[in-house]
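Take a look at the structure below.
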Amino acid sequence: MIRKVSPHITQNEALLFEMSSPGKKGYQLPDLDVPEVDPGKALGKSAVRDEIEGFPEVSEVEVIRHFTRLSTWNYAIDLGMYPLGSCTMKYNPRINETVARTEGLAWAHPYQPEELSQGAMEVMAVLEAALAEITGMDAVTLQPAAGAHGEFTGILLIRAALEKTGKPRKKILCPDSAHGTNPATAQMVGYEVVNIKSNSLGMVDVATLAAAVDDDVAALMVTNPNTVGVFEQDIAQVAEILHAKGAMLYMDGANMNALVGISRPGDFGVDVMHLNLHKTFSTPHGGGGPGAGAVAMKKHLEPFAPFPRLARTPQDAWTWNYDRPDSIGRVRAFYGNFGVLVRALAYIMAHGGPGLRNATLDAILNANYIRKALEPYYELPYKSPCMHEVVFSDDRQAAKGIKTGDIAKRLIDYGFHPYTVSFPLIVHGALMIEPTETESKREIDLFIDAMKSIAQEVLDDPKMVLDAPHSTRCRRVDEVSAARRPVVRWKPPVQQSRAAD
Amino acid sequence: MIRKVSPHITQNEALLFEMSSPGKKGYQLPDLDVPEVDPGKALGKSAVRDEIEGFPEVSEVEVIRHFTRLSTWNYAIDLGMYPLGSCTMKYNPRINETVARTEGLAWAHPYQPEELSQGAMEVMAVLEAALAEITGMDAVTLQPAAGAHGEFTGILLIRAALEKTGKPRKKILCPDSAHGTNPATAQMVGYEVVNIKSNSLGMVDVATLAAAVDDDVAALMVTNPNTVGVFEQDIAQVAEILHAKGAMLYMDGANMNALVGISRPGDFGVDVMHLNLHKTFSTPHGGGGPGAGAVAMKKHLEPFAPFPRLARTPQDAWTWNYDRPDSIGRVRAFYGNFGVLVRALAYIMAHGGPGLRNATLDAILNANYIRKALEPYYELPYKSPCMHEVVFSDDRQAAKGIKTGDIAKRLIDYGFHPYTVSFPLIVHGALMIEPTETESKREIDLFIDAMKSIAQEVLDDPKMVLDAPHSTRCRRVDEVSAARRPVVRWKPPVQQSRAAD
Amino acid sequence: MRYLPKSTDERNEMLATMGVQSMDDLVAQLPNAARLKRPLDIAPGKSEFEIVDYFRARGNDCATGYASFLGAGVYNHYRPVMTDVIVSRSEFLTSYTPYQAEISQGTLTQIFEFQTMVCQLTGMEVANASMYDGSSAVPEAAMMAVRITGRSKTLVARSLHPEYREVLTTYARHQGMPVEEFGYQPETGRIDIDDLAARIDSDTAAVIVQSPNFFGCVERIQEVAELAHRKGALLVFAFTEAVSLGLLEPPSEADIVAGELQSFAISPSYGGPFAGIIATKEKFIRQIPGRLVGETRDANGNRAFCLTLSTREQHIRREKATSNICTNQALIALMATVYLSVFGKEGLRELAIQNLSKAHYLGDRLLPAFSAPYFNEFVATIPDPAEANRALLGRKIVGGLDLGRFYPELAGHMLLCATEMSKKTDMDTVIDVLGGKS
Amino acid sequence: MRYLPKSTDERNEMLATMGVQSMDDLVAQLPNAARLKRPLDIAPGKSEFEIVDYFRARGNDCATGYASFLGAGVYNHYRPVMTDVIVSRSEFLTSYTPYQAEISQGTLTQIFEFQTMVCQLTGMEVANASMYDGSSAVPEAAMMAVRITGRSKTLVARSLHPEYREVLTTYARHQGMPVEEFGYQPETGRIDIDDLAARIDSDTAAVIVQSPNFFGCVERIQEVAELAHRKGALLVFAFTEAVSLGLLEPPSEADIVAGELQSFAISPSYGGPFAGIIATKEKFIRQIPGRLVGETRDANGNRAFCLTLSTREQHIRREKATSNICTNQALIALMATVYLSVFGKEGLRELAIQNLSKAHYLGDRLLPAFSAPYFNEFVATIPDPAEANRALLGRKIVGGLDLGRFYPELAGHMLLCATEMSKKTDMDTVIDVLGGKS
Ligand SMILES: Cc1ncc(COP(=O)(O)O)c(C=O)c1O
Ligand SMILES: Cc1ncc(COP(=O)(O)O)c(C=O)c1O
């Protein structure tokens with residue numbers, strides 16, 4: 001029985017372009033207080049464009065209705081559990097949004113004088129210190145814009161340090177369970193990617209690793225807990241093997257929500273890592289960003305960090321230090337996704353040290369509770385104890401012709417966002433479930449019920465699952481034909497097109 | 001065919017009390033910076049309460065989900081057309097919300113020194129002047145909290161002025177088309193209510209009125225345009241008849257959206273009137289308030305206005321004048337629903353004089369366009385040209401057993417909020433439709449289609465209409481049994497109740 | 001214009017369908033005499049940018065950056081971010097009164113929760129969906145008492161908020177409801193129960209007492225209730241500081257509770273909009289004014305909510321209605337509901353204790369003029385309150401209320417309020433300037 | 001803690017179901033060496049009130065109440081209220097990347113509109129859903145050009161934003177992509193096309209030109225495009241001031257457009273988050289990095305949208321992906337979409353003309369150092385920019401950018417920007433302080 005949702009009407013809506021009519025306006029500008037300049041005269045006639053063909057012309061009320069209606073077609077954390085594994089879809093506190101809009105911060109121009117930017121710089125400095133403490137690392141750069149950007153920065157740091165010793169090396173090792181951004185990043189830094197097979201526990205196999213590490217290996221990129229939700233038991237030894245050969249250990253910190261307050265990468269041998277502030281630190285995901293990918297590093301990598309770096313003046317004020325001869329350079333303009341950084345610090349302040357630890361424990365509690373409840377119904381490919389997420393496979397259901405993707409779609413009918421589908425790749429037909437700490441027992445119990453119920457449907461009524469979702473305004477979407485002949489922009493219907501005149 | 005909405009899932013949700021668990025918290029207070037006082041000691045043991053039984057204990061994430069989920073069960077102007085006659089459900093500009101939260105205004109304490117309140121007082125003064133200009137009246141009080149409160153104030157003014165002449169008189173006349181608040185108000189001011197029958201055009205009948213006005217009549221309360229959407233053609237004569245007998249003309253300004261910029265009550269003989277700022281002037285209705293019921297009056301009533309009144313000091317600053325010996329007194333504490341006043345002024349500033357007039361014309365255009373389109377399908381009881389709203393009756397449909405209330409419920413399935421049902425009382429089975437100016441042609445055409453389609457369904461498939469709505473999360477609600485044995489608060493289930501221990 | 005979703009083409013198309021020549025022809029029906037023949041004397045429309053600028057400037061003409069120790073019916077409490085988040089949801093902000101239950105269950109469910117929480121806080125059995133504010137809830141409660149008892153007279157404590165008393169006078173004047181005041185004890189600040197006893201008689205419908213009263217003093221409600229009931233009158237309990245309900249014994253002995261919820265996340269906003277409530281005993285439910293939401297079932301048998309007992313209201317009862325009140329404070333009541341959900345059982349108590357502690361820190365050093373226990377407000381003897389307040393303004397502090405304004409007998413006294421927002425450093429400044437012992 | 005929706009009872013119940021003794025037992029799996037054995041050295045949790053207070057104080061430590069004439073890649077434009085209203089909708093703010101199309105049509109539809117508007121503005125045929133920012137979009141565009149042409153070299157204008165050039169250097173370093181700069185004409189401020197012609201060769205994959213360039217000068221794109229195409233290279237058109245697209249001829253001759261949308265309702269926010277875009281010709285669609293939304297049908301045959309061509313992305317292609325980009329700037333792109341909807345066709349043009357007019361009011365009185373037409377920024381010759389800016393600060397004005405910081409050859413020059421937000425009175429002050437003719 002579906003207990004969590006009921007069908008209700010939602011408004012249909014055309015595209016903005018389709019509701020446009022010449023002369024409708026959603027704006028008004030103040031009267032010009034200076035003489036109006038003729039664009040043709042100021043810029044030259046040929047430099048001035050004609051009107052923007054097809055561009056929308058709508059009123060303010062149509063704008064608010066348009067986006068409000070569209071919004072009702074989305075699922076969201078504020079509506080319910082969002083157990084996307086690896087994504088840490090936790091509650092996004094609204095205080096984050098409030099403080100990010102603080103006038104002096106939201107309207108700070110990156111080039112305004114440093115003496116008029118001390119507040120913004122202080123926020124960054126405090127956040128850097130907090131993240132260093134949380135990760136057990138020596139220094140942090142806040143410049144990268146997201147996790148993948150952080151990986152890029154981190155691998156650049158490793159390369160720069162190795163180059164400094166005279167040899168950048170050639171290869172980066174990635175476990176076969178790694179997220180796709182890891183190999184893609186390694187490639188962008190000019191490294192060859194070598195995949196390392198995980199062992200039967202889903203972990204890095206020490207022997208396999210030892211065999212793979214040679215003088216050409218720059219680093220191993222490991223995710224810990226890894227993408228099957230398991231803490232790498234041999235992580236200290238892994239680090240030793242690498243370090244012994246002059247290679248480094250990069251940690252993908254996407255799963256840091258399992259560790260904050262209970263374990264620090266800096267203490268188990270990691271040289272450099274990124275954090276996804278939009279995951280672990282609750283800045284909202286926003287339908288796909290903005291994020292921030294802080295990179296934490298050991299002392300030996302700090303000289304290579306992107307410039308500018310925060311520093312203190314003799315007068316004890318903050319200043320930007322551009323004099324960083326060994327720096328890898330900039331990975332983006334200005335100083336980072338500052339607005340996201342403000343949100344992350346607000347989150348850290350709200351929890352405080354002890355609170356952060358409790359959050360981690362609750363995240364682990366939730367994942368293990370789900371694991372326990374669903375183990376009788378879904379195949380658990382790795383039996384190692386899990387941390388903040390649990391990965392099942394669709395083995396049993398696939399036998400009946402139902403894949404993880406079908407179960408995911410059916411979960412929508414039960415009122416939940418699906419888990420992460422088909423990742424990590426080492427689990428065939430993976431169901432990757434990460435509840436996070438911000439789900440109530442009530443919500444989790446409903447999730448478990450839904451998953452059990454679907455398992456039963458697979459046996460009793462497989463078509464119901466195969467054709468899901470049934471209760472959404474839009475039925476299963478054909479992704480295959482979208483890719484076959486991509487239409488990625490609206491065009492005016494041919495009969496109306498001016499081009500056709 | 002239903003073109004405007006599609007069914008989609010919406011989250012179910014328990015009551016807050018039902019999701020409570022001891023020790024869950026949605027708050028944190030700063031640490032006390034003074035010694036904590038023992039309540040028993042400070043107040044006496046018996047003055048201190050036990051814990052509040054049954055009071056909710058939930059976390060912040062549950063709070064936001066709770067209210068967000070509930071919100072998705074509501075219809076709203078931001079979702080679509082809301083053609084509630086007499087309610088002027090127009091677009092509520094978001095700038096109103098922004099400016100009402102301006103720090104110095106939102107945090108102004110009503111007793112803070114006048115020299116630190118000049119901005120707030122200026123806002124009120126500017127609004128008073130604008131409303132006086134719009135209504136053609138001499139003075140305005142902003143103290144009343146809503147339309148009915150404004151009526152109360154207005155009738156008190158009339159009574160005070162008449163008492164001043166030595167005779168308060170005994171009766172208030174109300175057309176039978178009047179809104180229920182009119183007679184209810186008259187009663188609260190100690191007047192007997194005499195209902196006046198409207199003529200066949202839906203208007204005040206001059207002869208009937210003349211016959212009814214005697215020395216005991218204090219005033220006529222007229223709505224203009226009246227509740228059938230018709231401008232009272234004889235309004236000037238109506239005023240004359242009253243004035244000739246020493247009685248006054250009160251105007252219910254609920255329908256002022258039909259007049260702003262094109263006709264001023266002060267110019268056609270009205271002595272006093274209220275405005276619903278939450279209708280005509282776009283402050284949001286908020287699910288039932290807050291409103292503001294400014295009262296505009298002619299000079300001769302101004303001495304009786306509620307105190308305090310805004311005045312200028314010799315130093316040209318604003319001051320509150322409490323020295324108003326003839327005042328009716330206060331109708332509420334402080335100065336009025338100030339936050340609503342700010343919003344109304346923002347609206348007036350956005351439109352400006354010319355814009356306000358254009359808005360009125362568009363409102364009239366929309367109503368007449370609908371009238372024209374639906375006249376073939378629904379009975380039009382009054383053929384007089386209409387202003388900003390049109391009233392049909394269910395005569396033709398009632399013949400098939402379908403009432404206005406059923407058509408209204410069916411309209412929900414078509415994606416619209418119903419029109420006003422069964423009001424005004426002089427139209428049997430009324431469908432009172434007020435589109436306002438902020439509906440696009442597209443939206444109105446969809447409404448017309450829906451109404452036509454329902455008219456057809458009444459013929460083809462009456463049960464479909466009778467059982468509507470079909471597509472909402474909650475089917476037709478049983479209002480009769482709700483009233484029979486009213487349950488107006490949640491109580492803990494008996495088996496869990498402490499009282500049962 | 002940005003609020004008008006039509007192009008000129010569209011207008012013309014519509015006019016053409018209707019066979020009307022021009023927009024101006026639409027108002028041909030207006031009698032010539034009623035026509036405005038000139039443009040309104042209001043400046044042309046302004047951009048958003050200018051409007052924001054204008055109100056910012058007006059805001060800056062008011063007190064910003066001051067600490068304040070004003071209470072007197074309007075309190076500075078922290079507003080959790082959540083409240084504005086929720087009331088800004090279009091679905092709450094831009095909906096009408098929930099007459100159409102099938103598409104208003106959000107608002108209806110929330111009001112049901114609101115009514116429940118008001119009952120839990122006040123110890124009453126039923127509560128309405130809100131009133132304009134506390135000051136108009138009090139006279140509505142008196143009118144209720146008159147209807148219930150069939151008597152006419154109201155006795156009101158002089159320690160009820162002075163502006164509430166003024167509103168009561170206005171409401172009562174033409175309804176054949178004489179209102180009489182009774183005094184307070186000059187030592188304790190509590191009501192003078194002997195004075196009340198002397199005045200109460202067989203025509204007394206209601207006795208109105210506020211607690212904490214205007215001076216911040218906590219009244220002994222049981223005592224008053226006994227006296228009133230002995231004489232067949234109803235006790236109307238009024239409150240202006242709702243946070244006190246988190247700590248003080250609820251007025252369960254009262255017959256009607258009428259109060260103001262401004263303390264629950266509603267900004268002072270120069271005096272409004274706030275939200276009043278009326279709560280009472282189940283047996284009086286049909287006499288309660290304003291909207292009520294009740295639980296019921298939908299056609300599928302599922303729990304649902306709807307407006308109920310509308311036969312009390314003016315739409316149906318017209319001149320025989322319990323009140324003329326119609327639109328009132330739904331969105332503000334929603335703010336309060338969110339606030340109470342955020343604070344919850346423990347939070348409200350902790351909040352109240354913080355208020356108590358802050359006020360007593362200040363009170364202990366300024367010596368209250370009255371001896372009765374107080375919650376977060378108290379009266380201090382200050383020779384020249386106006387002068388003292390001027391001095392405080394110089395320190396960026398808005399001081400207390402000069403009581404001489406409302407109580408000539410209390411000239412030379414100041415009403416001071418401290419809440420969880422009052423910082424010790426500011427209180428120390430007040431103590432310093434007002435010559436308290438630190 | 002308020003973000004944790006569990007009571008102790010509930011935790012214990014869950015542990016009991018699992019047969020686990022205590023919360024600490026949950027992490028028994030951690031190797032001893034990896035365990036943190038002390039509490040984090042981070043202060044205990046703070047209340048909302050304190051957090052708001054803290055950031056307010058930090059905000060006050062920054063420039064508030066100043067007029068600013070800084071541009072240089074970050075512009076002060078008015079943010080319509082609507083943008084925050086929309087991005088604050090929970091359904092947009094708290095959703096993930098729209099992988100599950102059936103419950104993400106809101107975001108998907110909006111991105112499709114965004115892509116369309118970017119195409120309309122830039123004259124390109126396809127656009128992606130966003131990039132981190134303009135500075136990282138430019139190297140991604142260069143990488144695209146390298147993939148498309150099979151060549152390796154990038155020629156970049158010295159008048160491209162200096163920090164963008166730095167980012168390009170970082171990205172290019174290890175990808176076998178030599179980057180070479182070409183100059184600008186010291187009189188006009190436009191690119192030195194002869195220098196470009198001299199450097200371009202058969203290994204040149206991309207020529208990168210910004211317009212208006214870092215000095216505010218409008219480039220002659222057609223000319224550069226012809227040169228590049230003649231040599232078989234692609235033209236990458238970069239922009240930092242998106243408002244200019246409302247007025248300037250779109251760069252339809254370019255092959256790839258990479259730019260920054262910060263001007264579209266995105267607050268300066270000390271440099272981010274902003275939103276970059278990449279747009280290009282249809283034929284290059286499979287080389288575009290980042291997310292793309294495409295139109296398709298659902299099982300009922302209705303129009304629907306979904307993420308598409310994900311075979312370009314790292315989830316599937318891993319080390320062979322077009323880029324490693326994953327999470328980027330969806331919500332910021334939504335802001336821009338709302339902004340563009342509000343302004344629309346006429347508004348964007350009027351806005352651009354206001355910018356042009358304001359900048360020319362200032363420029364006409366300060367005499368630009370370069371002769372090329374400019375949009376809303378220009379370079380003025382100011383003997384001692386640092387000194388001049390200090391003087392302006394005293395008048396509550398943040399002046400222009402001292403160009404010597406990035407261009408040693410332009411010491412003694414200042415880059416000044418005026419937008420629709422620049423008030424004439426402030427401009428007059430600038431003119432006065434900088435010794436312009438008024
Ligand atoms: C394990 C892992 N690594 C890296 C990333 C990339 O992070 P981002 O999306 O912030 O670039 C993700 C998130 O998608 C991830 O789950
Ligand atoms: C004609 C008429 N008069 C009076 C009122 C009462 O106004 P309010 O609800 O603001 O008290 C209304 C609105 O409901 C109305 O439509």
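Here the structure is a predicted model, which is why all the values come from computation and not from measurement. A, B, ... follow the sequence lines: proteins, then strands. Residue 1 opens every chain. Below, each value reflects all heavy atoms present in this structure, side chains not excepted, and no hydrogens, waters or symmetry copies.
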(message) Is Ile412(A) in contact with chain D via its backbone, its side chain, both, or neither, using a 4.5 Å heavy-atom distance?
(response) side chain

(message) Using heavy-atom distances under 4.5 Å, tell me whether Glu125(D) contacts chain A through its side chain, its backbone, both, or neither.
(response) backbone

(request) Output yes when a side-chain donor or acceptor of Thr296(D) lies under 3.5 Å from a complementary backbone atom of Asp478(A), and no otherwise. (result) yes

(request) Could you tell me which portion of Tyr99(D) (side chain, backbone, both or neither) has an atom closer than 4.5 angstrom to a non-hydrogen atom of chain A? (result) backbone

(message) Using 0.5 Å steps for rounding, measure from the CG atom of Leu16(A) to the CG atom of Leu340(D).
(response) 10.0 Å

(request) Identify which part of Thr102(A) has an atom lying under 4.5 Å from any heavy atom of chain D, answering side chain, backbone, both or neither. (result) side chain

(request) Would you please say whether a donor-acceptor pair under 3.5 Å links the side chains of Arg332(A) and His149(A)? (result) no

(message) As an exercise: rank Glu13(D), Lys46(D), Glu102(D) by heavy-atom pairs under 4.5 Å with chain A and give me the winner.
(response) Glu102(D)

(request) Give a yes or no answer on whether the side chain of Arg58(D) reaches the backbone of Cys62(D) with a donor-acceptor pair at less than 3.5 Å. (result) no

(message) Counting heavy-atom pairs under 4.5 Å with chain D, which one of Glu97(A), Glu103(A), Lys24(A), Arg473(A) comes out on top?
(response) Glu97(A)

(message) Heavy-atom cut-off 4.5 Å, strictly under: side chain, backbone, both or neither for Asp24(D) against chain A?
(response) side chain

(message) For Ile134(A), which atoms come within 4.5 Å of any heavy atom of chain D: side chain, backbone, both, or neither?
(response) both

(request) Spell out, as yes or no, whether a donor-acceptor pair under 3.5 Å connects the side chain of Glu295(D) to the backbone of Phe112(D). (result) no

(message) So for Thr311(D), is it side chain, backbone, both, or neither that comes closer than 4.5 Å to the heavy atoms of chain A?
(response) neither

(request) Classify the ring geometry between Trp490(A) and Phe17(A) as parallel (under 30°), tilted (30 to 60°) or perpendicular (over 60°). (result) parallel

(message) Between Lys6(D) and Glu437(A), does any NZ, NE, NH1 or NH2 come within less than 4.0 Å of an OD or OE carboxylate oxygen?
(response) no

(request) Examine whether an atom of Gln233(A) lies under 4.5 Å from a heavy atom of chain D, and if so say whether it belongs to the side chain, the backbone or both; otherwise answer neither. (result) both

(message) Can you tell me which portion of Ala42(A) sits under 4.5 Å from chain D's heavy atoms? Options are side chain, backbone, both or neither.
(response) both

(message) For Ala236(A), which atoms come within 4.5 Å of any heavy atom of chain D: side chain, backbone, both, or neither?
(response) neither

(request) Look at the rings of His278(A) and His285(A) and say which category their plane angle falls in: under 30° parallel, 30 to 60° tilted, over 60° perpendicular. (result) tilted

(request) Please confirm whether the backbone N or O of Val293(D) pairs with a side-chain atom of Gln115(D), one donor and one acceptor, at under 3.5 Å? (result) yes

(request) Give the ring-plane orientation class for Tyr270(D) versus Phe338(A), where under 30° counts as parallel, over 60° as perpendicular and anything between as tilted. (result) perpendicular

(request) With a 4.5 Å cut-off on heavy-atom pairs, point out which of Tyr132(D), Tyr96(D), Phe343(D) contacts chain A the most. (result) Tyr96(D)

(message) Main chain of Ile364(A), side chain of Asn368(A): is a donor-acceptor contact present, judged purely on distance under 3.5 Å?
(response) yes

(message) I'd like to verify something: which residue of Leu248(D), Asp84(D), Val398(D), Ile51(D) has the highest number of heavy-atom pairs under 4.5 Å with chain A?
(response) Leu248(D)

(request) Examine whether an atom of His66(A) lies under 4.5 Å from a heavy atom of chain D, and if so say whether it belongs to the side chain, the backbone or both; otherwise answer neither. (result) side chain

(request) Against chain A, label Val87(D) side chain, backbone, both or neither, depending on which of its atoms sit under 4.5 Å from a heavy atom there. (result) side chain

(request) Not counting sequence neighbours, which residues clear ring-ring contact (aromatic ring centres under 6.0 Å, His included) with Tyr369(A)? List them please. (result) none

(message) Quick one: does any side-chain atom of Arg476(A) pair with a main-chain N or O of Asn300(D) as donor and acceptor, under 3.5 Å?
(response) no

(message) What I want to find out is whether Lys409(A) reaches Asp467(A) closely enough, with some N-O distance under 4.0 Å, to be called a salt bridge.
(response) no

(request) Examine whether an atom of Met82(D) lies under 4.5 Å from a heavy atom of chain A, and if so say whether it belongs to the side chain, the backbone or both; otherwise answer neither. (result) side chain

(request) Can you tell which part of Glu443(A) gets under 4.5 Å to a heavy atom of chain D, answering side chain, backbone, both or neither? (result) neither

(request) Say whether His179(A) and Glu151(A), considering side chains only, have a donor N or O and an acceptor N or O under 3.5 Å apart. (result) no

(message) Please classify the contact of Ala33(D) with chain A as side chain, backbone, both or neither, using a heavy-atom distance under 4.5 Å.
(response) backbone

(request) Answer yes if the side chains of Asn74(A) and Ser71(A) hold a donor-acceptor pair under 3.5 Å, and no otherwise. (result) no

(message) Using a 4.5 angstrom heavy-atom cutoff, name the option from Gly44(A), Pro284(A), Gly147(A) with the most pairs to chain D.
(response) Pro284(A)

(request) Please look at Val27(D) and chain A and tell me whether the side chain, the backbone, both or neither of the residue comes under 4.5 angstrom of a heavy atom of that chain. (result) side chain

(message) Nearest 0.5 Å, please: how far is CG in Asp267(A) from CG in Leu36(D)?
(response) 6.5 Å

(message) Just so I understand: if I count every heavy-atom pair under 4.5 Å between each of Gly286(A), Ser384(A), Gly336(A), Gly352(A) and chain D, which residue has the most?
(response) Gly286(A)

(message) Is Asn302(D) close to chain A through its backbone or its side chain, or both, or neither, when contacts mean heavy atoms under 4.5 Å?
(response) neither

(request) With a 4.5 angstrom heavy-atom cut-off, could you sort out which part of Ser341(D) is near chain A: side chain, backbone, both or neither? (result) both

(message) Please classify the contact of Thr308(D) with chain A as side chain, backbone, both or neither, using a heavy-atom distance under 4.5 Å.
(response) side chain

(request) Select one option (side chain, backbone, both, neither) describing which atoms of Leu361(A) are under 4.5 Å from chain D's heavy atoms. (result) both

(message) For chain A, which candidate among Thr64(D), Leu15(D), Ile316(D), Thr107(D) shows the most heavy-atom pairs at distances under 4.5 Å?
(response) Thr107(D)

(request) Go through the atoms of Met89(A) and report whether side chain, backbone, both or neither lie under 4.5 Å from a heavy atom of chain D. (result) side chain

(message) Less than 4.5 Å to any heavy atom of chain D: does that hold for the side chain of Lys90(A), its backbone, both, or neither?
(response) neither

(request) Check each atom of Leu84(A) against the heavy atoms of chain D and say whether the ones under 4.5 Å are side chain, backbone, both or neither. (result) side chain

(request) Can you tell which part of Tyr3(D) gets under 4.5 Å to a heavy atom of chain A, answering side chain, backbone, both or neither? (result) both

(request) Please determine, among Pro306(A), Ser481(A), Pro469(A), the option with the most heavy-atom pairs under 4.5 Å with chain D. (result) Pro469(A)

(request) Using atom types as modelled and distance alone, determine if a side-chain donor or acceptor of Arg330(A) lies under 3.5 Å from a backbone N or O of Thr170(D). (result) no

(message) What part of Thr181(A) gets within 4.5 angstrom of chain D, counting heavy atoms only: side chain, backbone, both, or neither?
(response) both

(request) Give the ring-plane orientation class for His109(A) versus Tyr111(A), where under 30° counts as parallel, over 60° as perpendicular and anything between as tilted. (result) tilted

(message) Tell me which of these, Glu313(D), Arg349(D), Glu10(D), His315(D), has more heavy-atom pairs under 4.5 Å with chain A than the rest.
(response) Arg349(D)

(message) Between Gln112(A) and Leu116(A) (side chain of the first, backbone of the second, donor and acceptor by atom type, cut-off under 3.5 Å), is there such a pair?
(response) yes

(request) Heavy-atom pairs under 4.5 Å with chain A are the metric here; pick the option from Pro39(D), Cys119(D), Gly134(D), Ala321(D) that has the most. (result) Cys119(D)

(request) Go through the atoms of Thr68(A) and report whether side chain, backbone, both or neither lie under 4.5 Å from a heavy atom of chain D. (result) both

(message) Quick one: does any side-chain atom of Asp298(D) pair with a main-chain N or O of Val477(A) as donor and acceptor, under 3.5 Å?
(response) no

(request) Check each atom of Leu351(D) against the heavy atoms of chain A and say whether the ones under 4.5 Å are side chain, backbone, both or neither. (result) both

(message) Under 4.5 Å from any heavy atom of chain A, what part of Val126(D) do you find: side chain, backbone, both or neither?
(response) both

